[in-house]
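Numbered from 1 within each chain, the chains take letters A, B, ... in sequence-line order. Everything numeric in this text was worked out from a predicted model, so none of it was measured.
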Amino acid sequence: MAQRFWLFKSEPSVFSFDDLEKSPSRTTSWEGVRNYQARNRLRDEVKRGDGVLFYHSSCAVPAVVGLCTVVREAYPDPHQFDRKSRYYDQTADPAEPRWLLVDVRAERALPKPVTLDQIKSTSALAKMDLLRRGNRLSIQPVSAAEWKAIRKLGGL
DNA sequence: GCCAACGTTGGC
DNA sequence: GCCAACGTTGGC
């Protein structure tokens, strides 16, 4: 399977790219996917070695700020069984875990973050899911061409 | 803080 | 299986 590309959203006030770079091994488990479409993508399509655009949402300047790599494919999210977690799911069955997560490692920050405004005004990026009205999916597919364009805009 | 868009839930 | 109510997301 050829390498694919994704865009993962995170609220920087909760977990920023900077936080990821400071994490052990620059790696984190991508917590909190609680949407079936996103879950199915994690389960079926996101593979080790895939590229991930780290996007900051719900903040002053929404932007793609860094590049990551998927280092571990989907496995059961332990938080669904942890009463104390904000991601606890009372109805999750340990025998058949409902929610999954993958691990991602920071590769590098973009020298120049690529802002939502820039994405909107770049014709090569006009078809990104991000720009679809009302799109709230936290895990979105990105084409190879879009990946390249973002890298370039970001100064790589 | 507002509000549009969308997913999920639950009554019927 | 429909659909209204509700909760959440996320740009502004």
Original post:
Do S10(A) and F17(A) come within less than 4.5 Å of each other through their side chains, counting heavy atoms only?
Top reply: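 Sidechains of F17(A) and S10(A): no contact.
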Whole-Å distance separating the [atom1] atom of [X] from the [atom2] atom of [N]:
X       : N       : atom1 : atom2 : answer
R34(A)  : dT8(C)  : CZ    : P     : 14 Å
K9(A)   : dC6(B)  : NZ    : P     : 12 Å
D129(A) : dC6(B)  : CG    : C1'   : 14 Å
R39(A)  : dG7(B)  : CZ    : C1'   : 14 Å
L131(A) : dC12(C) : CG    : P     : 10 Å
L130(A) : dC12(C) : CG    : P     : 10 Å
Q140(A) : dT9(C)  : CD    : C1'   : 12 Å
L7(A)   : dT9(C)  : CG    : P     : 16 Å

Where the side chain of [X] is concerned, which of [options] is the nearest nucleotide?
X       : options                  : result
L116(A) : dG11(C), dT8(C), dT8(B)  : dG11(C)
K120(A) : dG7(B), dG10(C), dC12(C) : dC12(C)
S57(A)  : dT8(C), dT8(B), dG11(C)  : dG11(C)

**OP:** Could you pick out which residue, D117(A) or R86(A), lies toward the 5' side of DNA chain C when each is mapped onto its nearest nucleotide?
**Re:**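 Closer to the 5' end of DNA chain C: R86(A).
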Original post:
Do R86(A)'s NZ or CZ and the ring of Y88(A) fall within the cation-pi criteria of under 6.0 Å and 45°?
Top reply: no
Original post:
Under 4.0 Å between a side-chain N or O of Y55(A) and OP1 or OP2 of dG11(C)?
Top reply: yes
Original post:
Salt bridge between R34(A) and D77(A), side-chain N to carboxylate O under 4.0 Å?
Top reply: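 Judged by the 4.0 Å cut-off on N to carboxylate O distance, R34(A) and D77(A) do form a salt bridge.
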Original post:
Is a salt bridge present between R98(A) and D89(A), judged by a nitrogen-to-oxygen distance below 4.0 Å?
Top reply: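 Result for this pair is yes, salt bridge flagged.
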